[in-house]
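Because only heavy atoms are used, hydrogens play no part in the values below, and waters and symmetry mates are left out as well, while side chains stay in.
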Amino acid sequence: MGQSNLTSPVRDQDDHRWVLRRPPLGRPLAPAHDVAREARILTALEGTAVPAGARADR
């Protein structure tokens, strides 16, 4: 049974926009939904020519 990370668009009162992601509910396969690994990859791509989204905690 395939599951995807849960993705939620969020907008605040000043029209700032974010996309929040979390692992799916239940017991997914660990490597397939490792949002911590995804955050490490996004951090590694900061300042490179590779287009990547910014982490919300930065």
Problem - Between CG on residue Leu42 and CD on residue Glu38, distance to nearest 0.5 Å - result: 5.5 Å
Exercise for the section: Apply side chain to side chain contact (heavy atoms under 4.5 Å, CB included) to Thr7 and list each qualifying residue two or more places apart in sequence or on a separate chain. Expected result: Val19, Arg21
Fill in the blank from the handout: Sorted by chain and number, sequence neighbours left out, side-chain hydrogen bond (donor to acceptor under 3.5 Å, both in side chains) with Arg17 holds for none
Completion exercise
Members sharing Val50's hydrophobic cluster, built from side-chain contacts under 4.5 Å between Ile, Leu, Val, Met, Phe, Trp and Tyr, are Ile41, Leu45
Practice task
Look only at the side chain of Asp14 and the backbone of His16, and say whether a donor-acceptor pair between them is shorter than 3.5 Å.
Solution key: no
